[in-house]
Participant: 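Sharing a structure below in structure tokens format, with a few things to ask.
These numbers come from a predicted model, not from an experiment. One-based numbering along the sequence shown.
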Amino acid sequence: MKKKIVSTIGILGLCTSLALPAYAADTVNQETHHHEYSISGFISHSELEKSLKQIEKSSNGVVQVEVAGQSHKGLDIYTAKVGTGDKVILIQSEIHGNEKTGTVAILNLLKSLSTNSKEAKKIREEVTIVFMPMMNPDASEGDKRRNSMKWDEVVKDFPQLASAKPSWNYLDRGISQSYNYGENPGFDVNRDFNPDLNYVPTAQDFPGASNMPGWFITPESQTSRDVYKALKAEYGNVDVFVDLHHQGMYYVDGTSDEVTLSLSAQFVPDPNTPKGAKYAKYADNYNYDFSRQLNVAAYKELQSYGNSKFTNISLYSQGLDLPGTALGSYALNGSGTVLFEVRGQTQMMGQKEKGQLVKSVERGLEAIIKGVADGSVETLNPEDYEKIPLTSSRPS
């Protein structure tokens, strides 16, 4: 069958397309394994393709899968849409390829949301959920943080950057997170976003810095942006954006409890405050209270499991200024935002504790989705966000 490539507005076809997509036969050879931990229990790109095809077919049209774009190496980047409601939720995983639990959680949620249960049907009536699992497949196949693009390839795509220095998020030397970027350079895609969704790269904006916007120079960030823009064009807004990540090994502040996952609603200073004055033109879009309510919904759900590791939830570092992240960029464009930071990347623990960590992500996402669908999230006190314990690098 014919593969459907989604352009900037092509995601709109998700709403009406009933044809099954064809799936790429070509795969990228996985790079040499670079750490001692097994990751065979996680999802490869070819397995993702098969799972999405299977879920779409068994859902009888409830789930619609599209090819939204391609990675630098030509691997398909997919979206999977479920629901027909006016409220829009966009959830993406594996912007860093060594952070894999989110992709598994997304596939599990797609299965449960596509059933004929009364609850699933009600949710689908109220919300439209678009998942972008494994949105950086080159990094996932290489089991690494960064993509596989080189600076000279960027200049080839954007000749106006010939005189620019490589962006600060490009690594072409040394070993980081057990991976040799001296041999295989690449970009941290999660620093390549810009609040100006129509931004065109300009040499004077390079090399940039962590507290400055990115440039949309990688095909992976471009694909995420195009999906986001298309949803805004169709629905008027992307109400919620959730980005699924992993972090190091931390503790819930004031305890000796190892963090299961951290949450956050804050990635840039509030444009309505003096500290966020440089983002003033986005002030009318920014909704920090709604972001905090979304995070509180996830936190309360996980706390409800009592006396278990599911309650070991902390607040990720606050006071950040990261407009080059997907979360920072989309927050300034009007989305309520939630960061999930699961404990331990693959080079630290492989697939150890996979089941519990995946379930933590699922339960947090379920609470957000249900809370948006029935409106209950808007009844939560945003100030409760400030009561979530902070993250500590040491046990107390």
Participant: Pairing donors with acceptors under 3.5 angstrom, does anything connect the side chains of Lys144 and Ser140?
Facilitator: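 Side-chain D/A pair, Lys144 to Ser140: absent.
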Participant: Do Asn190 and Thr325 have side-chain atoms, one donor and one acceptor, less than 3.5 Å apart?
Facilitator: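 Side-chain D/A pair, Asn190 to Thr325: absent.
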Participant: Any donor-acceptor pair under 3.5 Å linking the side-chain atoms of Tyr385 with those of Gln318?
Facilitator: yes
Participant: Between the side chain of Lys232 and the main-chain N/O of Asn333, is any donor-acceptor distance below 3.5 Å?
Facilitator: yes
Participant: Say whether Thr311 and Ser308, considering side chains only, have a donor N or O and an acceptor N or O under 3.5 Å apart.
Facilitator: no
Participant: Given the rule in the salt bridge (charged side-chain N to carboxylate O under 4.0 Å, His left out) test, do Lys122 and Glu126 qualify, once you have shown the distances and angles that lead to the verdict?
Facilitator: CA-CA 7 Å; Lys122 183 62 176 175; Glu126 299 297 330; 3.6 Å; yes
Participant: If you measure only the distance, is there a donor-acceptor pair under 3.5 Å linking the side chains of Glu341 and Ser264?
Facilitator: no
Participant: Find out if a path of hydrophobic residues (ILVMFWY) with successive side-chain heavy-atom gaps under 4.5 Å connects Val268 to Trp168.
Facilitator: no
Participant: Is the ring centre of His246 less than 6.0 Å from the ring centre of His96?
Facilitator: no
Participant: Has the side chain of Asn312 got a donor or acceptor atom that lies under 3.5 Å from a matching backbone atom of Glu258?
Facilitator: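 Yes, the answer is positive, given that a donor and an acceptor are paired below the 3.5 Å cut-off.
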Participant: Hey, are Glu49 and Tyr78 close enough side-chain-wise for a donor-acceptor pair under 3.5 Å?
Facilitator: yes
Participant: Would His72 and Glu220 count as having a side-chain donor-acceptor pair, cut-off 3.5 Å?
Facilitator: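 Side chains of His72 and Glu220: no pair found under 3.5 Å.
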Participant: Quick one: do the Thr260 and Ser360 side chains pair a donor with an acceptor below 3.5 Å?
Facilitator: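 No, no side-chain donor-acceptor pair sits under 3.5 Å.
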Participant: So which of Ile89, Val88, Ile123 actually passes side chain to side chain contact (heavy atoms under 4.5 Å, CB included) with Val372?
Facilitator: Ile89
Participant: Decide whether Leu302 and Leu109 are clustered together by the hydrophobic rule: side chain heavy atoms of Ile, Leu, Val, Met, Phe, Trp, Tyr closer than 4.5 Å, transitively.
Facilitator: yes
Participant: Cut-off 3.5 Å, side chains only: do Tyr199 and Asp205 have a donor facing an acceptor?
Facilitator: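 Asp205 and Tyr199 do have a side-chain donor-acceptor pair below 3.5 Å.
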Participant: Are Val342 and Tyr251 joined in one hydrophobic group, where the rule is that I, L, V, M, F, W and Y side chains link up if heavy atoms are under 4.5 Å apart?
Facilitator: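 They do not share one cluster, since no chain of ILVMFWY contacts under 4.5 Å joins Val342 to Tyr251.
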Participant: May I ask you to check whether Phe206 and Trp151 place their ring centers less than 6.0 Å from one another?
Facilitator: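 Under 6.0 Å, so yes.
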Participant: Taking all heavy atoms of Leu390 and all of Ser314, pick out the closest pair and write down the distance.
Facilitator: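 Where Leu390 meets Ser314 most closely, the heavy atoms are O-CB, 3.7 Å.
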Participant: Assess, by modelled atom type and distance only, whether the side chains of Asn147 and Lys73 contain a donor and an acceptor separated by less than 3.5 Å.
Facilitator: no
Participant: Does a donor on one side chain sit under 3.5 Å from an acceptor on the other, for Ser44 and Glu47?
Facilitator: yes
Participant: Any donor-acceptor pair under 3.5 Å linking the side-chain atoms of Thr103 with those of Ser93?
Facilitator: yes
Participant: So that I know where these two stand, are Tyr228 and Tyr330 an aromatic pair - ring centroids less than 6.0 Å apart?
Facilitator: yes
Participant: Are the side chain of Glu141 and the backbone of Asp138 linked by a donor-acceptor contact shorter than 3.5 Å?
Facilitator: no
Participant: Under a 3.5 Å threshold, yes or no: a donor from one side chain and an acceptor from the other, between Asn136 and Glu94?
Facilitator: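 No pair is found: no donor N or O on one side chain lies under 3.5 Å from an acceptor on the other.
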Participant: Walk me through whether Gln266 and Ser291 qualify under side-chain hydrogen bond (donor to acceptor under 3.5 Å, both in side chains).
Facilitator: CA-CA 8 Å; Gln266 194 274 327; Ser291 292; over 6 Å; no
Participant: Grab the two heavy atoms, one from Arg145 and one from Tyr181, that are nearest each other, plus how far apart they are.
Facilitator: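 That closest heavy-atom pairing would be N-OH, 3.1 Å.
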Participant: Do Thr337 and Ser335 pair up side chain to side chain, a donor and an acceptor below 3.5 Å, judged on atom types alone?
Facilitator: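 Per modelled atom types, Thr337 and Ser335 side chains form no pair under 3.5 Å.
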